Amino acid sequence: MRVLVLGGTGSIGAPVLRGLVARSHDVIALARSESSAAKIIGFGATPLRGDIGTPEQWIGKLPPLDAVVQLACDFGSAMAAVERRLLDGLLPQLASAPTRPKFIYTGGCWLFGATGGAVATEQSPLRPLPAFAWMTQHLERVLATDGIDAIVIHPAMVYEASDGVFRSFVADGVRRGLIRVVGSEQVRWPLVHREDLASLYLLALERVAAGASYIGAALNGFPVGRIARAIARRLALPNVTPEVITADAIAAELGEWARGRAMDQQLSGERARRELGWQPLHLDPEAEIAATSAVEIDSWQNS
Ligand SMILES: NC(=O)c1ccc[n+]([C@@H]2O[C@H](COP(=O)([O-])OP(=O)(O)OC[C@H]3O[C@@H](n4cnc5c(N)ncnc54)[C@H](OP(=O)(O)O)[C@@H]3O)[C@@H](O)[C@H]2O)c1
């Protein structure tokens, strides 16, 4: 397949890009800077210089495509408008192509709202965090576009032992000596390791029929306090008890989108396991944190 990846240097996009290249697909990835283009070349893909907010500057340079994976987002105040411009430019071109391309749109766990004791599935109504409400309109638009085979993936919170959604805990530990959690230690995050999530994108590209949505959650809901404590132990902090801050405080610091960190959620990845044979391998984040190498610890301390 010839696949265009948008966001191919990102937390989710990079392992997707590497996975596609490893499976011998012909991969083009949009790069908004020279350094991103260099990373894409390093991953074995072909960079196309451009910004998702100005698709008119690069869509004319695209060869015929079999699939597009949308994983680009800058989390800025204009992210909704930027993605709308992308869809305005790209969808008509894809829809008029003779190849009927697949389009994987990326939603997210925060579109399901706080679930508390319930476990959300793909059938659950969307109750998005206000800062990401625009995403529900965009995914509905993509699913309703004639001429493409649209699929939606809703990633859980995407982690690596010392990166992804755990990065802020590590940064707090290194800079402040005290890790902060938002809301309470009992707030649960659905989790998925970035490599497991990438394997779900590959399955979706290769096996899924149009119109389907999948939740990419390997663990339904994992208490953030346990993550914070595991990282504090690995950093050998004198105090492993996290400081609890409010959603208002994190929103003031990072923006309204960060309120999602206070959402107590449980999401099921069962449909992907059952229908696609998705088999996440990373199921014990505390053990992965504990096993983080001394080299990595040093790189945190020196970053
Ligand atoms: N990470 C999670 O836990 C998670 C969970 C659920 C849903 N999601 C969703 O998944 C998507 C990707 O998230 P992520 O965590 O992988 O983000 P990320 O690590 O911040 O990566 C974002 C990617 O988008 C690219 N990008 C940003 N603005 C761009 C622009 N204007 N033009 C071209 N490229 C642009 C970046 O490229 P450069 O920086 O190299 O230029 C980078 O490759 C987002 O929509 C996010 O809401 C993420």
Side-chain angles (χ1 to χ4, degrees), residues 4-18 27-43 45 47-59 68-87 89-90 104-112 120 126 128-129 131-136 138-139 142 152-160 163-169 189-198 200-201 213-219 222 224 227 254-258 260-261 263 265 267 269 285:
L4 170 67
V5 179
L6 308 170
T9 57
S11 177
I12 307 173
V16 169
L17 201 63
R18 288 193 298 259
V27 190
I28 301 166
L30 196 68
R32 62 176 168 163
S33 67
E34 273 308 315
S35 65
S36 301
K39 282 185 203 162
I40 287 162
I41 292 168
F43 294 149
L48 173 66
R49 283 301 300 273
D51 188 297
I52 55 166
T54 50
E56 66 283 356
Q57 293 180 3
W58 50 267
I59 50 173
V68 175
V69 184
Q70 161 48 352
L71 281 161
C73 181
D74 68 2
F75 300 94
S77 55
M79 60 183 164
V82 168
E83 191 179 82
R84 195 178 325 113
R85 288 198 290 275
L86 169 72
L87 298 182
L90 191 55
I104 299 193
Y105 183 81
T106 301
C109 47
W110 290 349
L111 303 188
F112 290 87
L126 295 180
L129 185 77
F132 281 105
W134 55 272
M135 249 189 192
T136 62
H138 289 191
L139 73 85
V142 171
V152 176
I153 294 182
H154 293 291
M157 302 289 274
V158 183
Y159 78 93
E160 287 180 274
D163 212 335
V165 293
F166 296 169
R167 179 189 281 257
S168 67
F169 298 137
W189 288 356
L191 289 177
V192 66
H193 191 281
R194 69 197 294 234
E195 298 295 339
D196 283 333
L197 182 62
L200 177 57
Y201 276 81
S213 295
Y214 289 95
I215 290 173
L219 296 163
F222 199 91
V224 288
I227 299 297
L254 298 176
E256 284 299 306
W257 64 267
R261 292 188 186 173
M263 253 189 213
Q265 290 196 300
L267 264 62

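Just so you know, ligand 1 is whichever comes first in the structure, and atom 1 is the first atom listed for that ligand. For the numbers below, each heavy atom of this structure counts, side chains included, while hydrogens, waters and symmetry mates do not. In this text the structure is predicted, and so the values were computed from the model without any measurement.
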Indicate yes or no: does an N/O atom of Lys39 lie under 3.5 Å from an N/O atom of ligand 1? no
Select the closest option to atom 17 (O) of ligand 1 among Trp110, Phe75, Tyr105, judged by heavy-atom distance. Phe75
Has Glu34 got a side-chain atom pairing as donor or acceptor with Ser36's backbone, closer than 3.5 angstrom? no
Any idea which part of Met157 is under 4.0 Å from ligand 1, heavy-atom wise: side chain, backbone, both or neither? backbone
What do you reckon, does Asp51 have a nitrogen or oxygen under 3.5 Å from a nitrogen or oxygen of ligand 1? yes
Considering both backbone and side-chain atoms of Cys73, is one of its nitrogen or oxygen atoms within less than 3.5 Å of a nitrogen or oxygen in ligand 1? yes
Verify, without hydrogens or angle tests, whether Trp110 (side chain) and Pro128 (backbone) share a donor-acceptor contact under 3.5 angstrom. no
I need the atoms of ligand 1 closer than 4.0 Å to a non-hydrogen atom of Gly108, numbered in the order shown. 6 (C), 7 (C)
Do the side chains of Tyr159 and His193 get nearer than 4.5 Å, heavy atoms only? yes
What atoms of ligand 1 come closer than 4.0 angstrom to any heavy atom of Ala156? 3 (O), 5 (C), 6 (C)
For the 3.5 Å polar cut-off, considering only N or O atoms, please tell me whether Leu30 and ligand 1 meet it. no
So is there a nitrogen or oxygen of Gly13 less than 3.5 Å from a nitrogen or oxygen in ligand 1? no
Gly107 heavy atom under 4.0 Å from ligand 1: yes
Identify, by atom number and element, the atoms of ligand 1 in contact range of Val165, meaning under 4.0 Å from any of its heavy atoms. 3 (O)
Ligand-side contact atoms (ligand 1) for residue partner Ser36, heavy atom cut-off under 4.0 Å: 38 (P), 40 (O), 41 (O)
Check each atom of ligand 1 against the heavy atoms of Met135 and keep those under 4.0 Å away; list them by number with element. 45 (O), 47 (O)
Ligand 1 to Thr9, heavy atom cutoff 4.0 Å, flagged ligand atoms 36 (C), 37 (O), 38 (P), 40 (O), 42 (C), 43 (O)
